[in-house]
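Right, one structure below, let's go through it.
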Amino acid sequence: MRRLALYLAGAALGSGAWLHAAAPAPARHAVGALTLTLDPASQTLLHLSPVAEPAFDFAPGDRARERSGDGYAHVGDLHLRLRVGGGAWRDFASSRHRVPVRALPASGAVLAHADMTATMGDGFPLTVERAWLRDRGAPVLRFTLVNRGSQPVEIGALGMPMVFDNIITDRSLEEAHAKASFVDPYIGNDAGYLQVTRLNGKGPALLVLPDGRTPLEQYRILHDAAKAPAGDIFTDRTKRQQTFEGFYDWMVASRAMDDKGQPWNPATGFTLAPGERRSIGVRLVAAPSIRAIEATLQAERRPVAIGLPGYVVPTDSPADLFVRAGQKVRGVAVTPADALSLTRVAGPKGWNHWRVTGTGWGRARVAITYADGSVQSVHYYVTGPLDRVSADLGRFATTRQWFDDAADPFHRAPSILTYDRDANRIVTQDQRVWIAGMSDEGGAGAWVAAAVKQLDHPDAGEIAKLERMIDETVLGKLQVADGGVRKSLFYYDPKAFPAYYDKGIDWSTWASWDRKQADDLGRSYNYPHVAVAHWVLYRLARHHAGLVARHDWRFYLDHAYRTTIAMMRDAPHYAQFGQMEGEVFLEILADLKREGLTPQAAEVEKLMKARADHWRTLAYPFGSEMAWDSTGQPEVYAWMQYFGHRREAAVTREVILGYDPTVPHWGYNGNARRYWDFLYGGKVKRIERQLHHYGSALNAVPLFDAYRRDPADLHLLRVAYGGFMGGITNVDRDGFASAAFHSEPDMMRWDAYSGDYGMGYFGHAYAAASYLVNDPTFGWLGFGGTVTTSGDAIEIVPHDGARTRLFVAPAGQWITLAAGRIARARWMPARRRIELTLDPATAATPVAHLSVEAPAGGAPDVADRGTAERGFTAVPLTSAATTVVLSLR
């Protein structure tokens, strides 16, 4: 009677109110390194905190009151799509309409136990019991499904909501970094897991591991209940927006979801015969730090896969896959079969080792079957040699994206505009006017990619077109005389152009700027794009012969300088934040100094120091136009290092690691978090986790720098290389570069707009390098190059695409070429020297311009030949290869 009275009281108060109106106080359970608190009425997770830091909560516990009642999912809920006897599929969700669960006896290792069948919904044909357990020092959530009926029940989809506090809404940046976490999945089937990392990058991190046979087959968004498709009840009522990515389902089965995209893993289901039962669940484990995640997985006896240098494999640069598991490997299969070849080779003790060679193109899955029949999926992407990818991109951008319509009313010709791959045409108009207006990220991306491509792969014909674009369209149109940059050349003015605009487009939104809005100079993020184009042409004119024809190097460096100053003058509000491609301002400053332009250099340095001094006053100086962003951190890091603020640089580095993971999956490995820019630069406009949006490659830049300063921290290099290579997967076989990959199961494909991809290609081209590493576990490794050993020498042949930068980690030497290319390098530890072999001379590059630094400390090596010139060592090249010996002197 008491239970009935509580239920009726709740009904009188309103749906779901019983959860808090009459329920007893929640009980806390300390289990190992974690403390969990369960809702006393629903037995779902309320709080999950580290024992050592009880004020922090991985769950959204501080929003418990606003997220109570019907329609709000929690850890401990369940989603099922099933059918009985081959009938119609029916959906059931424990959070849809809350009714009391029936508490069952709990003692010993059982923290809480309940029959939750009633809250699954009317007509539910199974019984579900849920238990929270203490198991080997960790909390375990376990569901047991039992078919007590007389007919088989087919389970076509089964999801466990994974609800952790990634909500930034109504939080300042300081509050978000202190309280919020991001979740990254390893969609690895039976070896899958989630890692929940704090925004500040500090430990502990939370690992959500399978309990028993609980594959992570698919990771699926819970749609916003207010916007979900009709009939969808696998939802959550928390509003999805820029400040909230959404919660996800851990999908154990997904065959009945009818997804159109090609899934990461084969979609499965299962059938429970009368009387049959199945248990699934997750285990919650604390890793001391983000860097300790793989060690924690090993301690938990989980299979661990480590791909080196990563999971993007150019066909000319094989990779290595190391797997450690507690049981023998029964078989390995690749899908598609012709995508990759795996060759078993000797590995370190306790590790399986395969050489992975790309033989196809695109996505590939390696399925490792263990002795007990469990399957681990490792996800790869195969692409062409990086120099060929770069050539394809440059050719596509300067031909199929080349816009040269002299009659264009918006004076965008000649230029390189956004491209629609579905329609295979240039986008000349879009509701979001900047996409067709050459500015903002969504409109500038195409020509920024084409420009920065020339940095490492100059092509005279492409450069001639870029010079035309700068002279005839950028200067005087996009960029005003004193350096300011407009927000868009395209705008919406039906009175001026009544016949131009597509009537099928909704022009009534805020994004359809009029001319006054488009002409505004106040958006600082537009300035680095123009500065990049000027700076690249300066570099080409200064370090090469005959490639740049219209102006000399002084012209382009001066315009790069003017653009930098104009950003601080005309767009001071957003200039207080870090800018995407902001490293270009450091390069401009360095080149002003090299050229002896002291007053200009002093002005730039003064302005940038004021920004850095402001950032030092902030705990987390990573703001932007958005409430939270992964855009500004790279430039903030760069200036903090430049001005000697090591502590602030370290904070920035760790924050990046909080949203930029390493997992055995090409799409998530090195994927700096972004989930809203399809709204602003994509063809399909929606909030969605974007795979390899431009943030991946941009955030690789500071992590590469941090690794060169601390070569013992291989984690930095692995994450950086994942983002660096992830940012090349966007480029298809013809050279079209997509804004990002749609990760949701209903699409699982690249967006059709080129959009803002160019910012990421800036990061890729700027950071392109090879790394020679001697790891204590895995031995000699080449990140970006193939490594061989012979006698007392270790040789690396670069395949990074640029072949202009090399870090020899054991020597701590960072070798860069402003002109010339590295054919190979030999490191001889016993003699403590590096033999650098350079390509023969070309008409455009008769002299190599070499620089050597020692970022981790100590003295840089000295070349045995060449002359000093503007901070470089100038080495004349000949018709044959040239060898330069670098050693301490």
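- Salt-bridge annotation for E869 and R594: absent, with no side-chain N of the basic residue lying under 4.0 Å from a carboxylate O of the acidic one.
- A salt bridge links D558 with R562: the distance from a Lys NZ or Arg NE/NH1/NH2 to an Asp or Glu carboxylate oxygen falls below 4.0 Å.
- The pair E853-R708 does not meet the salt-bridge criterion, since no charged nitrogen lies less than 4.0 angstrom from a carboxylate oxygen.
- Residues F872 and H543 place their aromatic rings such that the two centres sit under 6.0 Å apart.
- Ion pairing of D482 with R569 is present here, as a side-chain N (NZ or NE/NH1/NH2) and a carboxylate O approach within less than 4.0 Å.
- With sequence neighbours excluded, no residue forms a side chain to side chain donor-acceptor pair (under 3.5 Å) with H764.
- Separation of atoms OH (Y753) and OH (Y419) is listed at 12.5 Å; rounding is to 0.5 Å.
- Between F643 and W639, the ring center distance clears the sub-6.0 Å criterion.
- Between F704 and Y707, the ring centre distance reaches or exceeds 6.0 Å.
- Partners of E472 according to the side chain to side chain donor-acceptor pair (under 3.5 Å) rule, which considers only residues two or more places apart in sequence or in another chain, are R468, R550.
- By the side chain to side chain contact (heavy atoms under 4.5 Å, CB included) test, L173 pairs with H177, W628, sequence neighbours left out.
- Remark: R400 CZ is packed, more than 12 non-hydrogen atoms of other residues, nucleotides or ligands lying under 6.0 Å away.
- Between T845 and H544, the side chains place a donor N or O and an acceptor N or O closer than 3.5 Å (distance only, hydrogens not considered).
- Between the NE2 atom in H849 and the CZ atom in R539 there is a gap of 10.5 Å [rounded to 0.5 Å].
- The two atoms that bring G866 and V875 nearest to each other are CA-CG2, 4.3 Å, heavy atoms only.
- In this structure, K609 pairs ionically with D613, as a charged nitrogen and a carboxylate oxygen lie closer than 4.0 Å.
- Between W535 and Y556, the ring center distance fails the sub-6.0 Å criterion.
- Using a cut-off of 4.0 Å between Lys/Arg side-chain N and Asp/Glu carboxylate O, K683 and D420 are scored as salt-bridged.
- Ring pair H559/F555 is tilted by interplanar angle, where 30° to 60° counts as tilted.
- Salt-bridge formation is detected for the pair R803/D839: a Lys NZ or Arg NE/NH1/NH2 atom is positioned less than 4.0 Å from an Asp or Glu carboxylate oxygen.
- Evaluated for a ring pair (Phe, Tyr, Trp, His ring centres under 6.0 Å) with Y491, the options W434, W513, F410 yield exactly one hit, F410.
- Among residues two or more places apart in sequence or in another chain, the side chain to side chain contact (heavy atoms under 4.5 Å, CB included) test is passed with P572 by none.
- Pairs of residues two or more places apart, or lying in two chains, that qualify as salt bridge (charged side-chain N to carboxylate O under 4.0 Å, His left out) and include a residue from residues 408-417 are D408-R412.
- For A444, the side chain to side chain contact (heavy atoms under 4.5 Å, CB included) test picks out W447, V448, H529, M759, with sequence neighbours left out.
- With salt bridges taken as basic N to acidic carboxylate O contacts below 4.0 Å, none links K516 and D493.
- Checked by atom type and distance alone, the side chain of K487 never pairs as donor or acceptor with a backbone atom of D520 at under 3.5 Å.
- A salt bridge is absent between R395 and E462: the closest approach of a Lys/Arg side-chain nitrogen to an acidic carboxylate oxygen does not fall below 4.0 angstrom.
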